[in-house]
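One structure is given here, and the rest of the page talks about it.
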Amino acid sequence: MKILTTDPVREPRKIFYKRAVVDLKSGSVTYEDVPCRNLEDVLGGFGRSFQDLAARHITRAYCDENPLIVNTGLLTGSRAMTGMRTYFSGYSPIKAPQKGAPAAIWSAASGKFGAKFKWTGLDELVFENRAEKPVYVVIREGRSGPLVELKSADHLRGLFTHDKIMRLQKEYADAHFAAIGPAGENWEEVLMGAIACSTENQLRSGEDKSRFAGRGGMGSLMGYKNVLALVAQSKDKLAAPSDEVKRVNLNVIKGGSSLRLQPVSRGGGGGTWGAYDVMQPFHAVPVNNFRPQGNDLPEKLFRENVEKDYHIKSEACFRCGITCHNNIHERNADGSAGRFLAKFDYEPLNLLGTNLGIHDAGQAAALIHLCDNFGMDAISLGVTLSYLLSYNARHPEKPLLNGATFGDFPKIKELVERTGRGQYPEIGQGSMRLAQSTGEPAYAYQVKGLELAAYQPETNPGYAWAIAGGHMSMGTYGMLIREGKTDLDSWVQAITDDKLQIVGFDMIGLCKFFDIAKGIGTEMVRTCLRSEHGLEVSAADLRTAVRRAFLRGLVLELRQGYTREEYTLPAEMFDDPNPHLKVPRIGTREFFQELSERVWAVFEEELDEFLQEVGAAE
């Protein structure tokens with residue numbers, strides 16, 4: 001970025017980001033230094049891309065007018081710990097209202113691709129139209145600026161995500177990669193395609209340890225555009241951090257927000273996997289399509305039980321000291337790590353394990369491995385599968401597809417494989433559409449067309465107002481179990497103010513684990529902006545920019561056709577309460593109705609400005 005001011009709030013137009021627009025139909029590339037419109041533009045990520053998406057009225061996700069926007073945040077590639085995020089934005093193939101146009105969405109990924117992308121000198125890459133034949137895109141650091149080139153991807157067609165990345169590594173030194181898998185290539189049948197971004201560990205070890213931009217089907221949109229992979233080639237550009245950033249980075253590791261995510265050996269909970277231990281005492285770990293049974297089955301996938309038979313390595317992203325990843329290997333006879341199996345994070349482990357009735361770590365690892373290599377969103381895939389299994393359990397006389405039921409690993413594995421190849425569009429289209437076809441939507445665990453993360457909706461009514469998936473864009477998932485909040489005042493305040501601040505991390509380029517409890521409106525972030533870019537921004541201005549970006553996203557949903565009635569939770573939660581959940585019951589229609597009225601009353605006071613802004617596209 002070109003920064004000609006210290007005041008991005010009052011003088012955003014003195015800050016320019018480098019954008020390349022690729023016309024995939026003609027192959028032409030145009031470059032521009034674009035002045036920022038506001039602080040959201042300066043921060044980047046979806047805060048910028050949603051403003052551009054709002055300027056287009058898109059009625060079908062798969063059309064030439066729907067762009068795929070690839071960008072970074074202001075602190076991507078910086079010396080601030082966790083500053084490595086890449087964002088992929090567009091109108092989603094999978095997230096959509098019951099009757100209306102596709103919803104705008106973004107998906108975020110870690111790995112080193114984002115930093116390499118930023119170091120080429122490019123801040124944003126916009127793909128317009130569609131290539132006639134499969135291509136991959138090379139972004140290079142040129143002598144006078146970034147260079148973007150399209151190349152034939154015939155040799156990449158049909159390969160798994162990891163195989164695409166390793167094939168490209170042989171051709172491009174000092175580069176990192178983003179790739180779709182067979183699922184994204186079968187975009188007509190699979191709406192939940194993900195984008196795999198390479199990691200240092202992956203390129204060094206040859207093991208498939210990608211990070212994923214999964215939510216919202218951006219890998220399927222990339223597949224529709226006939227772009228199979230991206231290559232970002234640049235020298236690393238990281239000097240030693242300043243003393244101020246050093247102190248921030250140390251605080252990220254030793255402060256309260258990331259402690260529970262750190263390795264067990266350092267006193268942490270062992271990454272997000274530790275959510276099993278936190279939630280199981282309440283019987284709130286999703287089992288068999290979000291119906292916990294009040295037993296100890298989830299404990300079979302506790303870390304302490306898995307490591308009896310497998311070798312677990314806690315590892316980190318590029319230049320990150322949190323070390324939240326848990327990579328699972330077979331255990332050799334001497335106790336050392338054998339063949340790599342999968343990365344265990346809470347969401348894929350639960351939704352492709354426990355919630356499918358799979359309680360064996362090796363089987364769960366196999367499903368996660370397949371999901372990653374076919375390039376699908378583990379959340380959308382897992383929840384759609386669990387809906388199908390639940391339907392089959394309810395209709396044993398006439399089951400769907402191969403008749404799989406909970407715990408039937410061979411048949412569930414077949415479902416994953418055939419979905420990834422585009423052979424089971426019933427699953428690839430997601431749970432909302434599958435439930436519409438069966439006429440039984442009550443137990444489809446989705447909100448606004450996007451599958452729920454692995455937290456019981458009984459514990460998180462905030463899901464209804466999330467704009468990009470419950471746990472990514474509305475940080476209310478721990479309010480009941482961790483914080484014990486049961487009163488309406490607390491929930492209204494959280495949804496309309498405090499907990500929506502989590503989306504700020506998907507603007508600025510930092511991982512949410514930088515300070516997941518507070519968002520980006522903190523002294524730590526202010527220090528990084530001052531040290532890395534010479535910018536002076538108050539915490540209040542950061543919070544205001546995040547709120548504006550969130551409200552813009554909310555209004556954009558309404559413009560695309562969502563009704564207020566669609567801001568709700570799965571009907572089964574209201575109509576068939578689970579007696580095994582050991583939590584206060586706030587998941588009643590009465591509680592939710594009053595919560596909804598009060599939340600909308602707060603938001604309505606601020607929506608007019610954004611309604612006028614996004615309405616201009618019509």
Side-chain angles (χ1 to χ4, degrees), residues 19-32 49 52-53 56 58-71 86-94 102 105-107 109 113 117 120 122 124-140 146-161 163-165 167-168 171-172 175-198 213 216-233 374-376 420-422 428:
R19 178 170 67 192
V21 178
V22 179
D23 185 334
L24 291 166
K25 184 179 293 184
S26 67
S28 65
V29 183
T30 57
Y31 305 89
E32 185 180 5
S49 61
D52 294 328
L53 291 174
R56 306 191 189 205
I58 302 298
T59 58
R60 294 181 298 114
Y62 294 142
C63 69
D64 286 359
E65 294 76 23
N66 185 11
L68 176 62
I69 302 172
V70 185
N71 65 14
T86 314
Y87 308 108
F88 301 84
S89 304
Y91 282 92
S92 171
I94 193 168
I105 203 166
W106 77 92
S107 193
F113 175 80
F117 181 96
T120 67
L122 199 60
E124 186 165 278
L125 180 62
V126 181
F127 290 111
E128 302 280 9
N129 298 314
R130 182 173 189 263
E132 291 184 7
K133 297 180 179 180
V135 298
Y136 71 95
V137 181
V138 181
I139 309 111
R140 288 194 180 94
L147 299 172
V148 178
E149 182 181 4
L150 305 184
K151 295 200 171 188
S152 171
D154 285 344
H155 63 304
L156 301 176
R157 294 181 69 174
L159 295 180
F160 284 150
T161 54
D163 294 336
K164 283 187 175 79
I165 287 170
R167 181 76 65 89
L168 289 167
E171 302 178 44
Y172 297 94
H176 272 262
F177 313 92
I180 63 172
E185 293 183 48
N186 289 292
W187 49 270
E188 290 181 284
E189 295 78 21
V190 185
L191 308 184
M192 57 182 69
I195 302 170
C197 291
S198 62
M218 290 298 94
S220 297
L221 180 58
M222 189 164 153
Y224 163 75
K225 291 188 172 293
N226 241 340
V227 177
L228 304 193
L230 309 176
V231 178
Q233 188 176 41
F374 275 107
M376 290 181 280
R421 293 192 179 101

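Quick note: numbers below take in every heavy atom, side chains included, and nothing from hydrogens, waters or symmetry partners.
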Rounding to 0.5 Å, atoms OH (Tyr31) and CG (Leu125) come to a distance of 9.0 Å
Compute both the distance and the angle, then confirm whether Arg421 meets the cation-pi test with Phe374: under 6.0 Å from the six-membered ring centre, within 45 degrees of the axis.
-> no
Do Asp52 and Glu124 come within less than 4.5 Å of each other through their side chains, counting heavy atoms only?
-> yes
Nearest heavy-atom approach of Ser107 to Ala213 is OG-C, 3.0 Å
Take Leu221 and Phe88 through the side-chain contact (heavy atoms from CB on, under 4.5 Å) test and state the conclusion after the steps.
-> CA-CA 10 Å; Leu221 180 58; Phe88 301 84; over 6 Å; no
Specify the closest pair of heavy atoms between Pro182 and Leu159, including all atoms of both residues, with the distance to one decimal.
-> CD-O, 3.4 Å
When rounded to the nearest 0.5 Å, the distance separating CD of Glu128 from CG of Asp23 is 7.5 Å
Side chains of Cys197 and Phe117 in contact at under 4.5 Å (non-hydrogen atoms) = no
Are the side chain of Ser92 and the backbone N or O of Gly216 linked by a donor-acceptor pair below 3.5 Å?
-> yes
Distance (rounded to the nearest 0.5 Å) between Leu230 CG and Ile165 CD1 | 10.5 Å
Student check: side-chain heavy atoms of Phe177 and Thr161 closer than 4.5 Å = no
Please examine the side chains of Val148 and Val22, heavy atoms only from C-beta on, and report whether any two atoms are closer than 4.5 Å.
-> yes
Check Glu189 against Gly422 and note the closest heavy-atom contact, atom names and distance.
-> CG-O, 3.3 Å
Do Glu171 and Lys151 sit within salt-bridge range, that is, some charged N less than 4.0 Å from a carboxylate O?
-> no
Taking all non-hydrogen atoms of both residues, which atom of Ser198 and which atom of His176 are closest, and how far apart?
-> OG-ND1, 2.7 Å
Decide yes or no for Phe113 and Ile195: does some side-chain heavy atom of the first lie under 4.5 Å from some side-chain heavy atom of the second?
-> no
Might you work through the ring pair (Phe, Tyr, Trp, His ring centres under 6.0 Å) test for Tyr87 and Trp106, ending with a clear yes or no?
-> CA-CA 6 Å; Tyr87 308 108; Trp106 77 92; 8.1 Å; no
Here the gap from Arg19 atom CZ to Ile69 atom CD1, rounded to the nearest 0.5 Å, amounts to 8.5 Å
Taking only Lys NZ, Arg NE, NH1 and NH2, and the carboxylate oxygens of Asp or Glu, determine whether Arg140 and Glu149 approach each other closer than 4.0 Å.
-> yes
Distance, nearest 0.5 Å, that separates CZ of Phe127 from NZ of Lys225 | 9.0 Å
Rounding to 0.5 Å, atoms CG (Leu68) and CE (Met222) come to a distance of 7.0 Å
Is there a side-chain contact between Tyr62 and Ser220 (heavy atoms, below 4.5 Å)?
-> yes
Heavy atoms, side chains only, cut-off 4.5 Å: are Ile105 and Met218 in contact?
-> yes
Shortest non-hydrogen contact from Ala183 toward Val190 = O-CB, 3.5 Å
Does some side-chain heavy atom of Tyr91 sit less than 4.5 Å from a side-chain heavy atom of Glu65?
-> no
Determine, stepwise, if the pair Val135 / Asn226 fulfils side-chain contact (heavy atoms from CB on, under 4.5 Å).
-> CA-CA 6 Å; Val135 298; Asn226 241 340; 5.6 Å; no
Residues Arg157, Asp154; criterion side-chain contact (heavy atoms from CB on, under 4.5 Å); working and verdict | CA-CA 6 Å; Arg157 294 181 69 174; Asp154 285 344; 4.1 Å; yes
Can Leu168 and Leu156 be said to form a side-chain contact (heavy atoms from CB on, under 4.5 Å), step by step?
-> CA-CA 9 Å; Leu168 289 167; Leu156 301 176; 4.1 Å; yes
Which pair of heavy atoms, one from Arg60 and one from Asn66, lies closest together, and at what distance?
-> O-CB, 4.5 Å
